[in-house]
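Just so it is clear, the structure is predicted and the values come from calculations on it, not from any experiment. Throughout, a chain's letter reflects where its sequence line sits, starting with A, and its residues are numbered from 1. Below, all heavy atoms of this structure are taken into account, side chains as well, without hydrogens, waters or symmetry copies.
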Amino acid sequence: MSKLQPVRGTHDIYGDDARRMRHVVETFARVASTYGFEELATPIFEFTEVFKRPLGEASDIVSKEMYSFRDRGDEELTLRPEFTAGVARAFISGGMQQSTPCRFMSWGPVFRYERPQKGRYRQFHQLNAECLGPSDPATDVDMIALGYRTLMELGVAGDVVLNLNTLGDPDSRNAYRSALVEYFSDHRDALSEDSQRRLLTNPLRILDSKIEGDQAIVVGAPKLSGYLNDQSRDFFRTVTNGLERAGVPFVHNERLVRGLDYYTHTAFEFITEILGAQGTVIGGGRYDGLIKKLGGPPVAGVGWAGGIERLAMMLAETPTAVRPVFFLPMGDAALLEGFKICEELRGAGITVIADRTGNISKRMNRANKASARAALILGDDELSAGTIMVKNLDSGDQQQISIDGLAKHLKAQG
RNA sequence: GCGGGUGUAGCUCAGUUGGUUAGAGUGCCAGAUUGUGAUUCUGGAUGUCGCGGGUUCAAGUCCCGUCACUCGCCCCA
């Protein structure tokens, strides 16, 4: 490392990027509030066990992708690779089963040790929504609608397709899994090396293989929908009917699966074509087995996470920063009086930047570069008259305004 | 972890079959203009050519290694 540079896969976020990401978070927080969600901020690290237990010791995620470390107290800790486990842990820690349903919204950094790509970083940021308690399919509809509305408010819904599937209840899921393993085992020699390995580790993922030879075999594979029991079928029908009634368009994608077995019923991803290989901008589903697996009560849950960087990249426009007013004092008396004037303006909600150095030409130049909407020039003449020169930087017009009425004047101008 | 592409000024990039002091645009700084911005004019500064090694009389240019970025694979919570 010959230069000071950020750790691989991490970024300093500022300027346009920061504004775009902030817009994504603020939009989500506003939309989720209208569904009754409240913020839950969990720590960005937990005991490693919190993430390890639901995922399984041997999974790639645990062995390869977690940022784990031992602290000075000899505790095994891990930077969160996702929100759900931490939220579930908080639910258990706080004894919240007394107050279900719990609707939680969260956002912030998450960490995965992966090779960076477009839209995939080692430290990145997610939006997260979880609803804990309800096991009825109507909740799934609400959660998906929340995702869709967030995308609409961001103006990106038109570039995203909701892929929806059901994994069924545990019985249906296990029956399908067995059938799938049986089918693929019969075609084992024709499968790619990767998929032969998946047959042992995660057979459902073979459905998703990008290799042509695999796809030819997948076409003839048993369909999950053929293995759903009546209860699972009804559950899914209620979800799809509800989405249609709510006006949320979707496609039924039978190849959309989840590897881990605490997932049940609904699985969904909002996918875009415009971000390259990392096309999922929101992904989630129902995880009725998770909280119990973590050591808590048997409480159902459904949730999703959205990639803030990916959503920010999709925005058509960068939100503009607030246009400040520039305050330019000329001379010591004006500089001193300016402290009072600026504070009063800020108290009135006006963004004020005081530029006190250099000649006025230079300061006007800086005001212009900062996209200031007005320049306030205060010199000895104005001080003695109790006024201030207000120059509108869009029109170029300027006029003397009484200092007493300054805040009102600036607010009227917008 | 695996494979492809790319690293030259703050930014975007040029740089000939290896050749002497590495350029342009833009941005930045100063002046024309010490109470008035965007245009204009004049002047100015800025590079370990990603880093390390090798070949050569000579390397930004060729070779090897390494780091970073980027696109994809794997995996995906």
Q. For RNA chain B, which ranges pair as stems of 3 or more consecutive Watson-Crick or G-U pairs, with both donor-acceptor distances under 3.5 Å?
A. B:1-7 with B:67-73, B:10-13 with B:23-26, B:28-32 with B:40-44, B:50-54 with B:62-66

Q | Charged N-O contact under 4.0 Å between Lys52(A) and Glu49(A) | A | no

Q. Among Asn165(A), Val239(A), Leu243(A), which one satisfies side-chain contact (heavy atoms from CB on, under 4.5 Å) with Phe250(A)?
A. Leu243(A)

Q. If you measure from the C1' atom in G50(B) to the same atom in C69(B), how many Å do you get, rounded?
A. 10 Å

Q: Mind checking ring-ring contact (aromatic ring centres under 6.0 Å, His included) for Phe37(A) and listing every partner two or more places apart, or none if nothing turns up?
A: none

Q: Tell me which of Lys118(A) and Glu269(A) sits closer to the 5' end of RNA chain B, going by the nucleotide each one is nearest to.
A: Lys118(A)

**Q.** Residues touching RNA chain B, which here means a heavy atom under 4.0 Å, drawn from residues 387-401 of chain A
**A.** Met389(A), Lys391(A), Leu393(A), Asp394(A), Gly396(A), Gln398(A)

Q: Let me see the working for Glu269(A) and Thr280(A) under side-chain hydrogen bond (donor to acceptor under 3.5 Å, both in side chains), right down to the final yes or no.
A: CA-CA 6 Å; Glu269(A) 295 184 7; Thr280(A) 301; 2.9 Å; yes

Q: Using the six-membered ring of Phe124(A), assess whether NZ or CZ of Arg120(A) lies under 6.0 Å from its centre and within 45 degrees of the ring axis.
A: no

Q: Enumerate the residue pairs fulfilling side-chain hydrogen bond (donor to acceptor under 3.5 Å, both in side chains) with a member in residues 377-388 of chain A, sequence neighbours excluded, ordered by first and then second residue.
A: Glu382(A)-Gln400(A), Thr387(A)-Gln400(A)

**Q.** Members of residues 354-386 of chain A that approach RNA chain B, where some heavy atom sits under 4.0 Å away
**A.** Ile360(A), Ser361(A), Lys362(A), Met364(A), Asn365(A), Asn368(A), Lys369(A), Ile377(A), Gly379(A), Asp380(A), Asp381(A), Glu382(A)

(Q) Tell me which pairs pass side-chain hydrogen bond (donor to acceptor under 3.5 Å, both in side chains) where either residue lies in residues 316-331 of chain A, with sequence neighbours left out. (A) Arg20(A)-Thr318(A), Arg323(A)-Asp394(A)

Q: Would you kindly say whether Thr139(A) and Asp142(A) are connected by a side-chain donor-acceptor distance under 3.5 Å?
A: no

Q: For residues Ile308(A) and Leu127(A), determine if any side-chain heavy atom of one lies less than 4.5 Å from a side-chain heavy atom of the other.
A: yes

(Q) Under the rule for ring-ring contact (aromatic ring centres under 6.0 Å, His included), what residues qualify as partners of Phe236(A), not counting sequence neighbours? (A) His252(A)

(Q) For G72(B) and Gln117(A) - does any side-chain N or O of the residue sit under 4.0 Å from the phosphate oxygens OP1/OP2? (A) yes

Q: Determine the interatomic distance between P on U12(B) and the same-named atom on G65(B); round to the nearest Å.
A: 28 Å

Q.
Please enumerate all residues that pass ring-ring contact (aromatic ring centres under 6.0 Å, His included) together with His125(A), with sequence neighbours excluded.
A. none

Q: Using the C1' atom as the reference point in each nucleotide, state the distance between U61(B) and A22(B) in Å, no decimals.
A: 12 Å

(Q) Just to be sure I understand the geometry, which residues of residues 297-319 of chain A put a non-hydrogen atom under 4.0 Å away from RNA chain B? (A) none

Q. Taking the side chain from Arg122(A) and the backbone from Glu114(A), do they hold a donor-acceptor pair closer than 3.5 Å?
A. yes

(Q) Checking contacts here: which listed nucleotide (C74(B), U70(B), A77(B)) is nearest the side-chain heavy atoms of Pro81(A)? (A) A77(B)

Enumerate, atom names and distances included, each donor-acceptor pair closer than 3.5 Å involving a side-chain atom of residues 40-48 of chain A, sequence neighbours excluded.
{"from": "Glu46(A)", "atom 1": "OE1", "to": "Arg89(A)", "atom 2": "NH1", "distance (Å)": "2.9"}
{"from": "Glu46(A)", "atom 1": "OE2", "to": "Arg89(A)", "atom 2": "NH1", "distance (Å)": "2.6"}
{"from": "Thr48(A)", "atom 1": "OG1", "to": "Glu76(A)", "atom 2": "O", "distance (Å)": "3.2"}
{"from": "Thr48(A)", "atom 1": "OG1", "to": "Leu77(A)", "atom 2": "N", "distance (Å)": "3.3"}
{"from": "Thr48(A)", "atom 1": "OG1", "to": "Leu77(A)", "atom 2": "O", "distance (Å)": "3.2"}
{"from": "Thr48(A)", "atom 1": "OG1", "to": "Thr78(A)", "atom 2": "OG1", "distance (Å)": "2.7"}

Q: Could you check how far CZ of Phe111(A) sits from P of C76(B), rounded to whole Å?
A: 22 Å

Q. Among pairs that include at least one residue of residues 12-32 of chain A, which meet ring-ring contact (aromatic ring centres under 6.0 Å, His included), considering only residues two or more places apart or in two chains?
A. Phe28(A)-Trp304(A)

Below 3.5 Å between N/O atoms, which protein atoms pair up with nucleotides 42-45 of chain B? Just atom names and distances, please.
none

Q: Spell out, as yes or no, whether a donor-acceptor pair under 3.5 Å connects the side chain of Tyr113(A) to the backbone of Ser68(A).
A: no

**Q.** Short side-chain N/O contact to G1(B) OP1/OP2 from Arg115(A), under 4.0 Å
**A.** no

(Q) Under 3.5 Å, is there any donor-acceptor pair linking the side chain of Arg112(A) to the base of C75(B)? (A) no

(Q) When you compare the side chain of Leu376(A) with that of Ile341(A), does any pair of heavy atoms fall below 4.5 Å? (A) no

Q.
In this structure, how many angstroms lie between the C1' atom of G37(B) and the CG atom of Leu328(A), rounded?
A. 10 Å

